[in-house]
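These notes are about the structure you will find just below.
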Amino acid sequence: MSPASQEETNLLNLFQRVSGIGVVAAKKFVDKGYKSLEDLSNDPNLTHHQCVGLKYVDEFEKEIPRDEMENLLAIVKKTLNEIDSRYNMEACGSFRRGANISGDLDIILTHPDFTEVEEKVVKRHKATTPLLAQAVQALEKYGFLTDFVSTGNVKYMGVCQFPGTDPRSNQPYLHRRIDLRFIPHENYYTGLLAWTGDDELNRIMRSRAKELGYTLNEYGLRRRIKTETEETPGEKIPINSEEDVFKKLGMPYMEPHERNLRGVVKKKYLMYEE
DNA sequence: TTCAAA
DNA sequence: TTTGAA
Ligand SMILES: Nc1nc2c(ncn2[C@@H]2O[C@H](COP(=O)(O)OP(=O)(O)OP(=O)(O)O)[C@@H](O)[C@H]2O)c(=O)[nH]1
Ligand SMILES: [Mn+2]
Ligand SMILES: [Mn+2]
């Protein structure tokens, strides 16, 4: 590879470390002649997401120890319970799969007043669910949420920080990425499954569902009606636990900590693939 | 519409 | 594949 293009790919990689900068933006910045993150910081046209990403590039690359994840989660639970005890929340992602370290904190939120029809209404009106807005507001007031990346009807992406000094470093706790996802309570278990992952298991379960004439996603498991010409989503299969989904797919239940399939040789699960 | 993230 | 910013 020529020295010039080597330098270029180095810069591309450097810029893409910033959350909010993907392949297209990175190229654009290289074309502008930027050579460093400092050049980047002087660009007046960065998006808000990119500004936040740049501000915390180093911190976001650090893994979050499990005990800190637990501390962060406890704050969210306590804060939301104080404003409305009917909020239910569960940390998903790698944390729920038992990881000792995580890249970010993924939380799914439900509330008895937030139903499937609610979600549709909210999307139609392009309004933010008051229930999500309220939750975010409470967390911001507390000072727990320090920056936002995006906030919408049902999804919030932002930055949080545990208060006080981290005994590990004798420094303030680092800023951490946090995702809040509001899902209709009818879809709680399929949502939980989808957001716990891992990606590999999701793929396996979805293709398995397909074979069996179902369609599986975060919104539920449904029968698919197959006419000669087209396939349309049919009735929803009642799901009252994660086990139910495995059962319907004829798979043995897997505890969250057993769902780390990414990169694993899947001898054990091979029979359920293909 | 395009881009980025998950 | 879906959500949100711009
Ligand atoms: N539908 C869909 N869901 C995704 C996709 N990528 C990630 N997710 C979901 O988001 C969940 C959390 O994603 P991440 O936070 O990126 O990954 P993680 O497994 O928690 O790992 P770390 O956060 O890096 O520790 C995953 O379990 C997925 O179910 C995608 O491309 N499509
Ligand atoms: Mn995660
Ligand atoms: Mn995440």
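Throughout, a chain's letter reflects where its sequence line sits, starting with A, and its residues are numbered from 1.
- Here B/dA5 is the nucleotide among C/dG4, C/dT3, B/dA5 with the atom lying nearest to any side-chain atom of A/Arg177.
- Counting to the nearest Å, the P atom of C/dG4 and the CZ atom of A/Phe148 are 13 Å from each other.
- DNA chain B lies under 4.0 Å from at least one heavy atom of each of the following residues of residues 24-62 of chain A: A/Val24, A/Ala25, A/His49.
- The pair A/Glu116-A/Lys236 meets the salt-bridge criterion, with a side-chain N (NZ, NE, NH1 or NH2) lying under 4.0 Å from an Asp/Glu carboxylate O.
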Pairs under 3.5 angstrom only: tabulate donor-acceptor contacts from the side chains of residues 65-74 of chain A to other protein residues two or more places apart or in another chain.
unit_1  : atom_1 : unit_2   : atom_2 : d
A/Arg66 : NE     : A/Ala99  : O      : 2.8
A/Arg66 : NH2    : A/Phe95  : O      : 2.2
A/Asp67 : OD1    : A/Arg168 : NH1    : 3.2
A/Asp67 : OD1    : A/Arg168 : NH2    : 3.0
A/Asp67 : OD2    : A/Arg168 : NH1    : 3.3
A/Glu68 : OE1    : A/Arg176 : NH2    : 3.0
A/Glu68 : OE2    : A/Arg176 : NE     : 3.0
A/Asn71 : ND2    : A/Asp67  : O      : 3.3

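- Residue pairs that meet the salt bridge (Lys or Arg N to Asp or Glu O under 4.0 Å) test with at least one member in residues 82-95 of chain A, sequence neighbours left out, are A/Lys78-A/Glu82, A/Asp84-A/Arg86, A/Arg86-A/Asp113.
- Between A/Asn202 atom CG and B/dA6 atom P there is a gap of 15 Å when expressed in whole angstrom units.
- For A/Lys32, the salt bridge (Lys or Arg N to Asp or Glu O under 4.0 Å) partners are A/Asp43, not counting sequence neighbours.
- A donor-acceptor contact closer than 3.5 angstrom is absent between the side chains of A/His185 and A/Thr115.
- Within the nucleic acid shown, A/Arg203 has no heavy atom closer than 4.0 Å to any nucleic acid atom.
- Ring pair A/Phe29/A/Tyr34 is parallel by interplanar angle, where below 30° counts as parallel and above 60° as perpendicular.
- Here the P atom of nucleotide C/dT2 and the CD atom of A/Glu116 are 14 Å apart, to the nearest Å.
- Distance CD (A/Glu218) to P (C/dT1): 11 Å, rounded to an integer number of Å.
- At B/dA6, none of the side-chain N or O atoms of A/Tyr156 fall inside 4.0 Å of OP1 or OP2 (strictly under the cut-off).
- Residues of residues 98-110 of chain A having a heavy atom closer than 4.0 Å to DNA chain B: none are found.
- Residue A/Ile183 contributes atom CD1, which lies 14 Å from atom C1' of C/dT2 at whole-angstrom precision.
- One interatomic measurement links the two molecules: CG of A/Asn217 to C1' of C/dT3, which rounds to 14 Å at whole-angstrom precision.
- Using a 3.5 Å distance cut-off with no hydrogens or angles, the side chains of A/Arg222 and A/Thr215 do not pair a donor with an acceptor.
- At whole-Å resolution of the value, CE in A/Met157 and C1' in B/dC3 are 12 Å apart.
- For residues 129-156 of chain A, the set of pairs meeting the salt bridge (Lys or Arg N to Asp or Glu O under 4.0 Å) definition, not counting sequence neighbours, comprises A/Lys55-A/Asp147.
- With C/dG4, B/dA6, C/dT2 as the candidates, the nucleotide lying closest to the side chain of A/Asn153 is C/dG4.
- Between the A/Ser241 side chain and the A/Asp244 main chain, a donor and an acceptor come within less than 3.5 Å of each other.
- Going from atom CG of A/Leu180 over to atom C1' of B/dA5 covers 15 Å, rounded to whole Å.
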